[in-house]
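Side chains are part of it too, since the values below use all heavy atoms of this structure and drop only hydrogens, waters and symmetry mates.
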Amino acid sequence: MPIISEIFANFASMKRNNSTSGTDSGKIAGLILLALIWVWLVYMLFSRGGVDLKNIFLAAASGIIIFVPLWKRYLQPILANRKKK
């Protein structure tokens, strides 16, 4: 499983730069993997705890806490560089 370890290595070592190197695919793959894990955890929350206002709030709050900073730091520069080309 060297591919999974490379994805985690690329995701863990992401630096704030605006390069258009090939590591953009590693960043996106790491974010997709993180999103899949988050979806699985939210599914477990809803299946075990039921769908009520508290659990909906927990899922939404955790999604905002996890994905908004990652979006701002890693995906916006990637998308901005692709629009310039």
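The shortest distance between side-chain heavy atoms of L34 and L70 falls below 4.5 Å.
A side-chain donor-acceptor contact under 3.5 Å links N55 to the backbone of G50.
Here the straight-line distance linking atom CZ of R48 with atom OH of Y43 works out to 9.0 Å at 0.5 Å rounding. Summarising the geometry, atom CD1 belonging to I37 is positioned 10.0 Å from atom CD1 belonging to I66; distances are rounded to the nearest 0.5 Å. Residue L36 holds its CG atom at 11.0 Å from CG of L31, rounded to the nearest 0.5 Å. Expressed to the nearest 0.5 Å, how far OG of S62 lies from CG of L45 amounts to 8.0 Å.
Annotation for I65: hydrophobic cluster partners, listed by chain and number, are none (ILVMFWY side-chain heavy atoms under 4.5 Å, direct or chained).
I64 is not connected to W38 by any chain of hydrophobic side-chain contacts under 4.5 Å among Ile, Leu, Val, Met, Phe, Trp and Tyr, and they are in different clusters.
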